[in-house]
Amino acid sequence: MNQQGTVAADGPHRSKIPVTLIGGFLGAGKTTLLNHILSGEHGIRAAVLVNDFGAINIDAKLIVGVEGDTVNLANGCVCCTIRDDLIGACLGLLQRPERPEHLFVEMSGVSDPVPVLNTFLETQLALVFAVNSILLVVDAEQLPRLKGDMAHLARSQLGAADIVVLNKVDLVSPDELNHVKNLVQMVTPGSRIIEVVQGQLPLELVFVGGSDAPPPERREDARKREATAHDEAHSHDHVFGTWNWTSDRALSLPKLRSTLEQLPETVYRCKGVVQIEELPRYRYVLQMVGRRYHLEESGFWGTAMPRSEIVLIGGRAGIDPDKLHSAFDACIGIGDESQSPVLRLTRLLAADMPGD
Ligand SMILES: Nc1nc2c(ncn2[C@@H]2O[C@H](COP(=O)(O)OP(=O)(O)OP(=O)(O)O)[C@@H](O)[C@H]2O)c(=O)[nH]1
């Protein structure tokens with residue numbers, strides 16, 4: 001990059017940096033797939049741009065193995081409101097002492113991949129970067145259950161896929177699997193579908209097969225969709241809403257469960273990092289997709305100040321900030337063992353576990 005912040009062509013001998021775009025609806029398993037790729041034995045210096053629709057980029061906290069090489073693009077969508085941020089972040093990567101050998105862009109769950117692709121094709125980024133594949137992750141369990149605007153967006157995202165990564169096949173029966181495969185084929189006829197669990201896509205599809213440029217007519221089709229996609233991109237900001245909540249106080253596990261189970265149906269995605277009062281030394285990652293949720297232990301807080309951060313995404317109509325505030329404030333634990341024998345017991349048991 002030159003001093004004016006524009007990109008100079010890298011010369012005839014320097015090949016373009018391959019880019020993999022990872023898209024797919026909310027909670028489909030994009031971060032899981034990305035972590036699988038990054039932790040594989042490929043020896044490639046990867047840079048990662050992670051876009052989260054919410055104001056707090058939880059995904060960026062969950063990406064493994066590329067410390068310092070992950071750039072957060074939060075609070076908007078790379079396909080519309082923060083498209084310029086995407087360009088700025090890509091140009092920023094070129095100023096690093098070591099040029100990345102591969103760039104991964106994890107789009108938000110409400111992004112349309114087409115405008116993102118076109119940003120790489122039609123701006124100065126095209127001089128240095130080459131999109132070599134668009135991986136579209138599908139939640140095999142949830143896709144057929146989506147309704148209304150959510151179903152519309154999830155299906156329209158599929159149109160841009162080079163490879164459809166049909167994830168979470170562990171959660172569906174053989175009949176349901178056939179049904180979702182038929183659905184994908186109907187939306188994007190002839191697409192390549194790879195069935196996986198936990199995003200375990202063979203790495204050669206990313207680094208070897210993926211380096212072949214996709215057929216030009218596919219990219220041309222994508223360009224033609226730009227006008228429509230642009231309109232949709234702007235409308236999805238009105239369709240989807242996001243809300244976030246933070247607290248320095250530990251949460252009660254039963255109260256948190258109760259709040260999650262009572263969230264309105266239109267809240268489709270919830271994720272966060274939380275401190276639980278029953279096990280205060282452990283950091284937990286909270287994940288909810290549709291009605292399915294779980295908490296996963298993710299190491300100790302150690303010297304970090306424990307802090308719960310939760311992001312919700314769903315239909316705008318279901319995001320009522322006052323009600324949500326009350327619901328999550330009600331999760332804050334009592335913090336006083338003398339008031340709760342259960343709390344005292346669980347803390348005693350936890351104290352016997354290996355320390356941080
Ligand atoms: N059972 C099952 N769960 C999975 C699988 N893949 C991912 N998950 C879980 O699905 C949830 C969402 O996964 P993520 O990888 O965070 O999904 P995402 O697409 O990055 O989510 P957003 O960025 O919010 O759109 C997490 O709880 C994952 O552990 C799978 O193959 N099977």
Side-chain angles (χ1 to χ4, degrees), residues 20-39 48-65 70 72-79 82 104-113 116 134-143 145-146 150 153-154 157-158 161 164-173 176-177 180 193-202 236 239-244 260 263 267-274 284-298 309-315 319:
T20 301
L21 301 181
I22 300 178
F25 195 61
L26 296 164
K30 299 176 291 297
T31 306
T32 307
L33 169 68
L34 185 54
N35 278 338
H36 162 67
I37 296 170
L38 295 173
S39 51
V48 176
L49 301 183
V50 188
N51 174 218
D52 235 341
F53 186 55
I56 305 173
N57 195 327
I58 299 291
D59 282 358
K61 297 179 199 285
L62 307 179
I63 303 289
V64 296
T70 301
N72 300 341
L73 298 165
N75 209 13
C77 222
V78 277
C79 72
I82 59 168
F104 292 90
V105 180
E106 180 187 340
M107 292 176 264
S108 86
V110 298
S111 293
D112 186 324
V116 180
I134 303 177
L135 305 179
L136 213 295
V137 189
V138 169
D139 183 328
E141 181 190 44
Q142 298 292 338
L143 183 74
R145 298 182 184 178
L146 295 173
M150 294 200 191
L153 175 60
Q157 288 172 333
L158 281 166
V164 175
V165 183
L166 188 55
N167 192 34
K168 306 196 191 181
V169 298
D170 56 316
L171 297 179
V172 294
S173 67
E176 287 168 328
L177 182 59
V180 69
I193 304 175
I194 312 281
E195 295 166 30
V196 298
V197 174
Q198 300 292 347
Q200 306 276 313
L201 185 71
H236 71 228
V239 171
F240 292 93
T242 174
W243 176 85
N244 54 281
L260 293 172
L263 284 174
V267 173
Y268 180 78
R269 182 77 171 109
C270 173
K271 55 188 169 179
V273 177
V274 293
Y284 279 86
V285 172
L286 165 66
Q287 293 276 9
M288 191 180 97
V289 181
R291 294 298 92 195
R292 189 184 282 281
Y293 72 86
H294 73 269
L295 281 158
E296 199 174 294
E297 188 233 294
S298 134
E309 298 182 314
I310 294 177
V311 172
L312 264 60
I313 304 171
I319 306 285

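Both ligands and their constituent atoms are indexed starting at 1 by order of listing.
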Ligand 1 to Leu26, heavy atom cutoff 4.0 Å, flagged ligand atoms 25 (O)
For Leu143 and Ala154 the tightest heavy-atom approach is CD1-CB, 3.8 Å
### Query
Looking only at heavy atoms of Glu106, does any of them come nearer than 4.0 Å to an atom of ligand 1?
yes
for atom 16 (O) of ligand 1, nearest protein heavy atom and its distance come out as Arg269 NH2, 3.1 Å
heavy-atom search around atom 18 (P) of ligand 1 in the protein gives Lys30 N, 3.4 Å
Geometry only, no angles: is Ala28 polar-contacting ligand 1 at N/O separations under 3.5 Å? yes
With a 4.5 Å cut-off on side-chain heavy atoms, are Val196 and Val169 touching?
no
heavy-atom search around atom 6 (N) of ligand 1 in the protein gives Asn167 ND2, 3.0 Å
Sub-4.0 Å heavy-atom contact, His294 with ligand 1
yes
Would you say that Ile22 contacts Phe104 through its side chain, given a criterion of any heavy-atom pair below 4.5 Å between the two side chains? yes
Rounded to the nearest 0.5 Å, the CD atom of Gln287 sits from the CD atom of Glu296 at a distance of 7.5 Å
Within 4.0 Å of some non-hydrogen atom of Val197, the atoms of ligand 1 are 31 (O)
of all protein heavy atoms, closest to atom 23 (O) of ligand 1 is Asp59 OD2, 2.6 Å
Min over Lys168, Gln287, His36, Gln142 of heavy-atom distance to atom 9 (C) of ligand 1 lands on Lys168
Checking heavy-atom distances from atom 1 (N) of ligand 1 to each of Val137, Asp170, Asp139, the winner is Asp170
### Query
Short N/O distance, under 3.5 Å, between Lys271 and ligand 1?
yes
d(Leu166 CG, Leu177 CG) to nearest 0.5 Å is 6.0 Å
Gly27 to ligand 1: N or O pair under 3.5 Å?
yes
query: For ligand 1, is Gly24 a contact, meaning one of its heavy atoms is under 4.0 Å away?
result: no
Quick check: do Lys271 and Val285 have side-chain heavy atoms less than 4.5 Å from each other?
no
Interatomic distance, CD1@Ile37 vs CG@Leu135, rounded to 0.5 Å, equals 6.0 Å
Do the side chain of Lys30 and the main chain of Gly24 share a donor and acceptor less than 3.5 angstrom apart?
yes
Contact between Val289 and Arg269 at the side-chain level, heavy atoms closer than 4.5 Å - yes or no?
yes
Note: ligand 1 atoms sitting under 4.0 Å from heavy atoms of Gly29 are 13 (O), 14 (P), 15 (O), 17 (O), 18 (P), 19 (O)
Under 3.5 Å, N or O to N or O, is Gln198 touching ligand 1 that way?
yes
If you scan protein heavy atoms around atom 15 (O) of ligand 1, the nearest is Thr32 OG1, 2.5 Å
Contact region, Leu171 to ligand 1, non-hydrogen atoms below 4.0 Å, reads side chain
| message | Using 30° and 60° as the class boundaries, would you call the ring planes of Tyr268 and Phe25 parallel, tilted or perpendicular? | response | tilted
Between Leu312 and Leu263, does a side chain to side chain contact (heavy atoms under 4.5 Å, CB included) hold up when you go through it step by step? CA-CA 10 Å; Leu312 264 60; Leu263 284 174; 4.1 Å; yes
